[in-house]
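Have a look at the structure below before the remarks.
Labels below follow one simple rule: chain letters A, B, ... track the order of the sequence lines, proteins then strands, and each chain is numbered from 1.
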Amino acid sequence: MLVLAYVKNSRTDSAIEAFKRAGDYGFRLSALSCNPMLSSLVKDGKIGVVEFVYKEMIKRRIEPDVCTFNIVINGLCKVGKLQKAEDVVEDMKAWGFSPSVITYNTLIDGYCKMGRAAKMYKADALLKEMESKKIYPNEITFNILIDGFCKDENVSAAMEVFKEMQRQGLKPGVLTYNSLINGLCSSGKLDEALGLRDEMLGAGLKPGIVTYNALINGFSKKKMLKEARELFDDIAKEGLAPSVITFNTLIDANCKAGRMDEAIALRSLMLDSGVCPNVATYNCLIAGFYGEGNTEAARNLLNEMKDKSLESDLVTYNILVDALCKKKESRKAARLLDEMFDVGLGPSHITYNTLMDGYCREGNIRAALNVRTQMEKEGKRANVVTYNVLIKGLCQKGKLEEANGLLNEMLEKGLIPNRTTYEIVREEMLEKGFVPDIEGHIYNISVSS
DNA sequence: CTAGGGTTAG
């Protein structure tokens, strides 16, 4: 009862303490109190503690039920520890429990959200596996897969799953349509997205604010601001209320289009509508003002954030680093990294890549290479963007040998060059009077385009 | 116990 009470009052730490003490006294708790505790630990992302409690339960002979295993599997999936999650599935079988639809859904979602090649192949294989074991996928299974394929920029695969779902007699819901509409919007297929919205209306499903946000985002990314705004005005007509995300999407679109006055007007509208701007709102506006060189306005917004005690996040810092770099003040930007460590926001790959790009623009390749060393000391390995930045910098300095060396190095490390890599090298070759032979082959190196 | 929308770099 004590453990449960603490969990219900969001005092997970005390719940853990009570759980430990119960063990010290030799009381054997049950899944009844352990499961909710595990759930809230998963929600808080405290996966280490989840693993501790799980092991402790086994040690103390507290009998887990199907939910216990599913909760632990979900926790491990959420932090990308898929291998460990699979191990728990084995534990579960050893205890005489068969993985349920929920177990499979959880695992499939884990693979879908994992950043690895062939992840969707693995997710699809799990679907086949569950079907072969006569555990039938439900609406949630299909929604997870559809969203996974959409996020993997494979809308056609998502559409196939959508059809399969209907073949199996399952009705797509608002979530299903939202995932597909979002996928289509992200790949610029706006007509098809609008078509699906109509289809969903025909099926008696009402588009929600998420549906509108996806559509507005689609039009915004295509710089079709008028259409985006019209959709925004439809929201009220449908009796829905725009969310922070609706406003942020539109504000960002206007900032990127250099329409700062409109962006600011939207923020006023936001305040009038009782929607509170968050860090992302400020980030969009600050990046917008820096983009048009209005340092003063950007500074004011930063101060405003402080007044509202809204904390700068990693993105805010990345914007500031970028702004300084673009002003050819990369040294100052470098000092910002120290501040980031101080406030407990460790620089990300983006931060380091941005700074390297800044040094390269100033022609200071040495400094850029030093940043790379610093980054790797932080345990962050150079990624494709890192190489792109450095290769570009070296090319512009005429240091082709070194650039080529880095290109080889990235290939040796198994990093796949992207379109930008290809364009940097191609441009360099053309300038030097070389003719790239066929698309995909540059300097005799095979490049995936 | 499982599923959805926005923000930075290249």
For DNA chain B, which residues in [range] have a heavy atom at a distance below 4.0 Å?
{"range": "residues 73-89 of chain A", "value": "A/Asn74, A/Lys78"}
{"range": "residues 346-365 of chain A", "value": "A/Ile350, A/Asn353, A/Thr354, A/Asp357, A/Arg361"}
{"range": "residues 327-338 of chain A", "value": "none"}
{"range": "residues 173-183 of chain A", "value": "A/Val174, A/Leu175, A/Asn178, A/Asn182"}

Run the salt bridge (charged side-chain N to carboxylate O under 4.0 Å, His left out) test on A/Lys55 and A/Glu51 for me, step by step, so that the C-alpha distance in whole Å, both residues' side-chain angles and the decisive distance to 0.1 Å come before the verdict.
CA-CA 6 Å; A/Lys55 283 187 198 131; A/Glu51 288 178 274; 5.0 Å; no
Salt bridge (Lys or Arg N to Asp or Glu O under 4.0 Å) pairs touching residues 385-396 of chain A, sequence neighbours excluded, are none
Between A/Asn370 and A/Thr373, does any side-chain donor sit less than 3.5 Å from a side-chain acceptor?
no
Any luck finding a side-chain donor-acceptor pair between A/Asp313 and A/Asn283 under 3.5 Å?
yes
Search all heavy atoms of A/Leu145 against all heavy atoms of A/Ala123 and return the closest pair with its distance.
CD2-CB, 4.0 Å
Minimum heavy-atom distance between A/Ile319 and A/Ala287, given as atom pair plus value
CG2-CA, 3.8 Å
Could you tell me whether [X] contacts a base, only the sugar-phosphate backbone, or nothing, with contacts defined as non-hydrogen atoms closer than 4.0 Å?
{"X": "A/Asn388", "value": "nothing"}
{"X": "A/Ile144", "value": "sugar-phosphate"}
{"X": "A/Ile209", "value": "base"}
{"X": "A/Lys43", "value": "nothing"}
{"X": "A/Thr316", "value": "nothing"}
{"X": "A/Asn383", "value": "nothing"}
{"X": "A/Ile71", "value": "sugar-phosphate"}

Using chain A heavy atoms and a threshold of under 4.0 Å, write down where along DNA chain B the contacts begin and end, 5' to 3'.
B/dC1 to B/dG10
Heavy atoms of other groups near [X] [atom1], more than 12 under 6.0 Å:
{"X": "A/Lys223", "atom1": "NZ", "value": "no"}
{"X": "A/Lys306", "atom1": "NZ", "value": "no"}
{"X": "A/Glu311", "atom1": "CD", "value": "no"}

When you check the gap from the basic side-chain N to the acidic O, do [X] and [Y] get nearer than 4.0 Å?
{"X": "A/Asp234", "Y": "A/Lys237", "result": "yes"}
{"X": "A/Glu339", "Y": "A/Lys332", "result": "no"}
{"X": "A/Glu129", "Y": "A/Lys134", "result": "no"}
{"X": "A/Lys380", "Y": "A/Glu376", "result": "no"}

In terms of relative ring orientation, are A/Tyr54 and A/Phe69 parallel, tilted or perpendicular, with 30° and 60° separating the classes?
perpendicular
Criterion side-chain contact (heavy atoms from CB on, under 4.5 Å) against A/Ile71, the qualifying member of A/Val88, A/Thr106, A/Leu76, A/Val42:
A/Val42
Begin from the C-alpha positions of A/Asn143 and A/Thr141 and carry the test side-chain hydrogen bond (donor to acceptor under 3.5 Å, both in side chains) through to its verdict.
CA-CA 6 Å; A/Asn143 285 346; A/Thr141 321; over 6 Å; no
